[in-house]
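Take a look at the structure set out below.
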Number of protein chains: 2
Amino acid sequence: MSLHLRPGQALKLWHDSVLDLVHLDESGLTVRQLSILLTVYLELPPHTVRGVAQKLKVTKPVITRALDSLGRLELVARRRDPADKRNVLIQRTVKGALFVEKLGDFMVNRAQMLPS
Amino acid sequence: MSLHLRPGQALKLWHDSVLDLVHLDESGLTVRQLSILLTVYLELPPHTVRGVAQKLKVTKPVITRALDSLGRLELVARRRDPADKRNVLIQRTVKGALFVEKLGDFMVNRAQMLPS
DNA sequence: CTCGATTGTTACGCAACCGATATAGAGCAC
DNA sequence: GTGCTCTATATCGGTTGCGTAACAATCGAG
């Protein structure tokens, strides 16, 4: 089953949800950082710096810096890969899970409030 | 008619759309800037600095600076309100309209691609 | 064991953003 | 006109992000 959405609905949904995010936002998140966060929480582990960089089509230092920020906020955590110690595994945190969950709630609620 | 969305669907939709945005993004947009952009293009004019600041719950200098950036990218334009010259009216541009339209397309397409 | 390849991080110079405060211009009441 | 209010912008110091390039640690083939 595919979900049918008209452009006007889609844009309003995006607008409303982003507005909720901005209101929640104590953090000053970047679109890139948000993208990394969602990738880590929605796609299957393991997540490495290189892997995420490829997925977003950005350079590795961008990911490293974003992980610094997200780590400071305790939204993700870093761990060395014991199998290949060159790798860094990006891991989920309780705080990050709650944050992402809240994002989902925003969108679900805003979708329900959409006019026909 | 309200639109029903499960949390998992909503989050995936957000993730996919944001990913598209990051890929498109030559600009390094902030969540706040994105929020301003969508507000200007989705809500009824006129838009003033003060009005948008209230809507986003941020201070006016934040809006002024964001308009500097968005203006540099030609995504919005500024104009003095002839009726009350204290006001600045935030106006849409062709480039901005195309950008927002593309955002809508991203989301519509991603919604269609959602698994059941 | 050695050497090249791979991974993530750091360093550097630069630009943008932030919050807070101060300022300039315009309206409005009287 | 005189004050007072309102709007947006300018300015300040500090923080953060970016791209490029160099770097240390690790792996793996030979």
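Reminder, nothing fancy here: chain letters follow the sequence lines and each chain counts from 1.
- Between B/P115 and B/K12, the shortest heavy-atom contact is CD-CE, 4.2 Å.
- Comparing A/P82 and A/A66 against DNA chain D, the residue whose closest nucleotide sits nearer the 5' end is A/A66.
- In this structure, A/S35 contributes its side chain and A/V31 its backbone to no donor-acceptor pair below 3.5 Å.
- Here A/K85 does not pair with A/D81 in a salt bridge; the nearest charged N to carboxylate O distance is not below 4.0 Å.
- Contact check on A/D105 versus A/R110 returns no salt bridge, with no Lys/Arg side-chain nitrogen under 4.0 Å from an Asp/Glu carboxylate oxygen.
- Of the two residues near DNA chain D, A/T30 and A/D84, the one whose nearest nucleotide lies more 5' is A/T30.
- For B/P45, the side chain to side chain contact (heavy atoms under 4.5 Å, CB included) partners two or more places apart in sequence, or in a different chain, are B/H47, B/R92.
- Taking atom CG of A/L70 as the reference point, atom C1' of D/dT16 lies 13 Å away to the nearest angstrom.
- Chain B approaches DNA chain C within less than 4.0 angstrom (heavy atoms of the protein), and the contacting nucleotides run 5' to 3' from C/dA16 to C/dG27.
- B/L75 and B/L42 fall within a single hydrophobic cluster, where Ile, Leu, Val, Met, Phe, Trp and Tyr side chains are chained together by heavy-atom contacts under 4.5 Å.
- The NZ-C1' distance, from A/K85 to D/dA24, rounds to 15 Å in whole Å.
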Original post:
What does nucleotides 8-13 of chain D look like as a protein-contact string, B for base, S for sugar-phosphate only, - for none, at under 4.0 angstrom between heavy atoms?
Top reply: BBBB--

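- A donor-acceptor pair is defined here as one N or O able to donate and one able to accept, closer than 3.5 Å; no such pair exists between the side chain of A/E101 and the backbone of A/L98.
- Of all heavy-atom pairs spanning B/A10 and A/G104, the tightest one is CB-O, 4.1 Å.
- Note on A/S69: a side-chain N or O is less than 4.0 Å away from OP1 or OP2 of D/dG17.
- Residue contacts for B/A83: at a heavy-atom cut-off of 4.0 Å it reaches the sugar-phosphate backbone alone, with no base atom in range.
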